[in-house]
Every structure is written in C-alpha cells, then in structure tokens.
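Step one of this worksheet: look at the structure below.
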Amino acid sequence: MENEILKIEHIKKSFGDNIILDDLSLSVYQGEVIVIVGPSGCGKSTLLRCINALEGIQEGHIYLEGEEIKKDSKNLPKLREKIGMVFQSYDLFPHLSVMDNILLAPLKVQKRNKSEVIAEARALLERIGLADKENSYPRELSGGQKQRIAIVRALCMHPEILLFDEVTAALDPEMVREVLDVMLSLAKQGRTMLIVTHEMQFAKAVADRVIFLDGGHIIEEAKPCEFFENPKTERAKQFLNMFEFDAVKDSSK
Amino acid sequence: MNWDVIFKYIPLYKKAAWLTLRLGVLGIVFAILVGAICAVIAYYRVPVLKRIVAVYIELSRNTPLLVQLFFIYYGLPKVGVSVDAEVCGVVGLAFLGGSYMAEAFRSGLEAVDKIQTESAYSLGLSRAKTMRYVILPQAVSISVPAFMANIIFLLKETSVFSAISLMDLMFTAKDLIGLYYKTTECLFLLVVFYLIILLPISILGSVLERRLRYAGFGA
C-alpha cells in the first residue's frame, strides 16, 4: 500500500507495574479503516490515547506523516490538529452552542476565515441531519446527536486521521445506529480511521482491517471477513463467542 | 428612638460607608487577582510555587484578619516599612481574601471534567487556549456561589478596620456612642448602613446563581 499516515513502532505503555501496551507496532495507510477489538482492559483505548499523546509512552515511537508525536514536544498542538478524536461521551463544551463548539478550534487555533468555516460546518450539519441545531446547547441534545456533532467538530479541523474511542458505548441502543451511519459514510468517503468499538456487526461492515488486541499485544490482524468467519487464534474465537447466544428455549416445539 | 439624632448622624455614616465600600471593593479586587493566580498555580501543580501557595493559604485562613492587620500596621514599621492605614486595610483584606478566593476558584477548576481538557487538546488547542476558552468559563460559573459568599464575607470583615483607626462604619458608630451615648440610634444606623451595602450584593448573588443554574451546564 502506498501512503503511510501513521506508524507505531514497538511502543510500550505501563501505569506503574501494570503493563498496558507491550511492544506494539502498527502502520495505518491513507484511506484505511482499522477497527480495534478486544476484551475490556486490553489497551484499546490506551492505544488511541497514546496516538495523540494524551498518554505518554515509555518506549517506542509514534510517527504521524513522518513527524514524531511525543508528549513533551513543542509542536504537539500542531500535530494534534491533524488527529481528530471523538470520545465515549461528554466531550462537547457545555458552555458553547453547537456552532461555537465547532468553530472554536478552526478559528482560535487555525485562524481560519469565520464565514468559510461556518459554511463548512453548516454543510456538514446538514449532511448528518442536524442543520436546525446549530444554536442549541449540548444539554438540549440527545446522546446520539452530541456524538454526531463531536464528529463534525473533529472533521472541521480537516484531520488526516480520525480516532473513535467507543463512541457509541454510552448511548441508548436506538441512538447507536445514527452515529454508526455517520461513521460508515465517512469510511465510504475514504477517510483514514481508527475505531475502537464493541459493535461487531458494524466492525464487519466498516473495516478494511480488524485488529484483535489482548494483554497489550496484537493477537490477530486480518480482513474482517476472515476474522469474523474464521478467526485463527483460540483467544479471538473465545472473544467472538461472547457475542453469540445459544437459544435456551427450544422453539421447534 | 430619637429620629432627629438619626437624621443628624446620617451624613457621618454616609462618609463612613463610602470608606468601607471603597476599601472593601479595592481589597476584594486584589483578593480576586491573588486568588486567581494562586488557583491556577494550585491547579497546574507548578513546582515550588504550589508549596508557597499552600503555605500562604493556610497562613491566611487560619489567622484572624485583626491579627493580620496588627501585624501589617504595627509590626512592619518595626522593620522599617511604615504603611498608611488605608493601604494597610486594603492589603490586609487582599491577604485574607486571596486565600478564600483561591479555594473557590480552584474547586471550580477542578470540578470541570477532565475529558473537557482532553477533547480541547485533541482539537489542537494549546494549554493556555484550553484554559481560556474551555476550562475557565465553566470553572467561573461553577465558582459563582462561593465567590459571592466570599465577597459578602470580606465586606463584613472590613468592620475590623476600626482597630487600625480607619473611620469606617464600625469606627464611626463606636465613636459616636462614646461621645454622645446615643447607643440605640447609633447601632440602628450601623445595621441599616451595612444592610444597604450588603443586601444588593446578596440579591445579585442569588439572581446570578439561579440564572447559571438554569443555564445548567451539566448533562
């Protein structure tokens, strides 16, 4: 594959004696959608948080388009502009309206032209069906609406890569779909994305590559059809089995 | 109650109220500045400075204003620094109020969810911009009740100023009682004048609090 956007080389992350990520390497290419799955506590979220240096790493290197991302480097804010991140919940700024949430970083960080950003934001809000909410405050929105707006806010920074950290985990089931649909359409547009999720059906539909993480290691890495139909490792099989239920009542009677 | 006496004394009280208000407002403004600086230092846990702030806060909160004023007014001249009584009052109030304001602001800052900082960082905002555009506006609105309570507390504390012979409301009342023995009238006026100063602030405080609650940032 051609253009390597993100390169993670042998990173190690631990909290005290507790090793979260152990000698983990991964390359992400332009336009690729990678879904990271694994049991809770396997380091999925930590991996995303290390990529934009919300967490520091003890060993290894992370490069975004050739530039190293380090927690203490001077140009960290500049690098973070290129990495859009959406969190599990509550990441919209509650004191700002939807439009001001979206405008803040493009205007104050990138110093872009206000009317141009507004036009872009409106177009994106239109596309996700929330054009009428630009003057609302986050408290007036449903969880699903908030997450879709958080995605728009990240998009308006024109990031090279998008990170999604269990963005539907805190949502009611009927709102999960609307958020996943937005992500599917982004994938279709050829965005580079790294997604941590527990929605296996969604992972199957959206991923170019699935990465199964356990104990801080990449246990399995495969195309989604292979991974879900025919996992190679025992641990991946066990993990996928957790999403299956055997009928407890015999319906043939 | 002799109303003639009361009307005769009103101009004296007006003058005293003006002094109370002037020194009080000045002291509070400096207290807010000191408090804001200390709160930011404590919030970011700036090395060395955070220890100085911690010592200052304990020293300031655990000694009475009267003692602080005596220290500045009678103590400092002994080491060659003589301070004008009004300056002394303002400095004393700022010294006392700074720590209370610092605690109010700090608890406001710390009440802002950590995810707010992280999502601002991940949008490329620098530390300073995150503080200015994301954390501070939320922290200030959270601190409003404590902040208003501090203002009222500090204005009431100005009554100690009379001890360093500043002619504030308390001083004037005590003085008049001593001279003319019109105790009832003088104390009545004292209460009325403190209420005139403090009630509007108190009311403003509850209005602000209610409006911010309806603006309800949470959830």
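This structure is a prediction, so every number in the text was calculated from the model and none was measured. Labels below follow one simple rule: chain letters A, B, ... track the order of the sequence lines, proteins then strands, and each chain is numbered from 1.
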With chain B, which of A:M85, A:Q110, A:K108 has the greatest number of heavy-atom pairs at distances under 4.5 Å?
-> A:K108
Considering only heavy atoms and a distance below 4.5 Å, find which of A:P159, A:A105, A:G84 pairs most often with chain B.
-> A:A105
Hey, is [atom1] on [X] packed in by over 12 heavy atoms from elsewhere, all under 6.0 Å?
X: B:K14; atom1: NZ; value: no
X: A:E68; atom1: CD; value: yes
X: B:M167; atom1: CE; value: no
X: B:F30; atom1: CZ; value: no
X: B:F71; atom1: CZ; value: no
X: B:K174; atom1: NZ; value: yes
X: B:R132; atom1: CZ; value: no

A:M157 side, atom CE; B:S122 side, atom OG - distance, nearest 0.5 Å = 9.5 Å
Please classify the contact of [X] with chain B as side chain, backbone, both or neither, using a heavy-atom distance under 4.5 Å.
X: A:R153; result: both
X: A:I83; result: backbone
X: A:N52; result: side chain
X: A:F87; result: side chain
X: A:L163; result: neither

Closest contact, heavy atoms only, [X] versus [Y]:
X: A:A154; Y: B:L123; answer: CA-CD2, 4.4 Å
X: A:D91; Y: B:S119; answer: O-OG, 3.0 Å
X: B:Q138; Y: A:P94; answer: OE1-CG, 3.3 Å
X: A:P77; Y: B:S126; answer: CG-CA, 4.2 Å
X: A:H95; Y: B:Y133; answer: NE2-O, 2.8 Å

Compare all side-chain heavy atoms of A:L104 with those of B:V134 and state whether any distance is below 4.5 angstrom.
-> yes
Could you please spell out the steps behind the side-chain contact (heavy atoms from CB on, under 4.5 Å) verdict for B:E118 and A:R49?
-> CA-CA 10 Å; B:E118 293 186 340; A:R49 293 167 58 80; 2.6 Å; yes
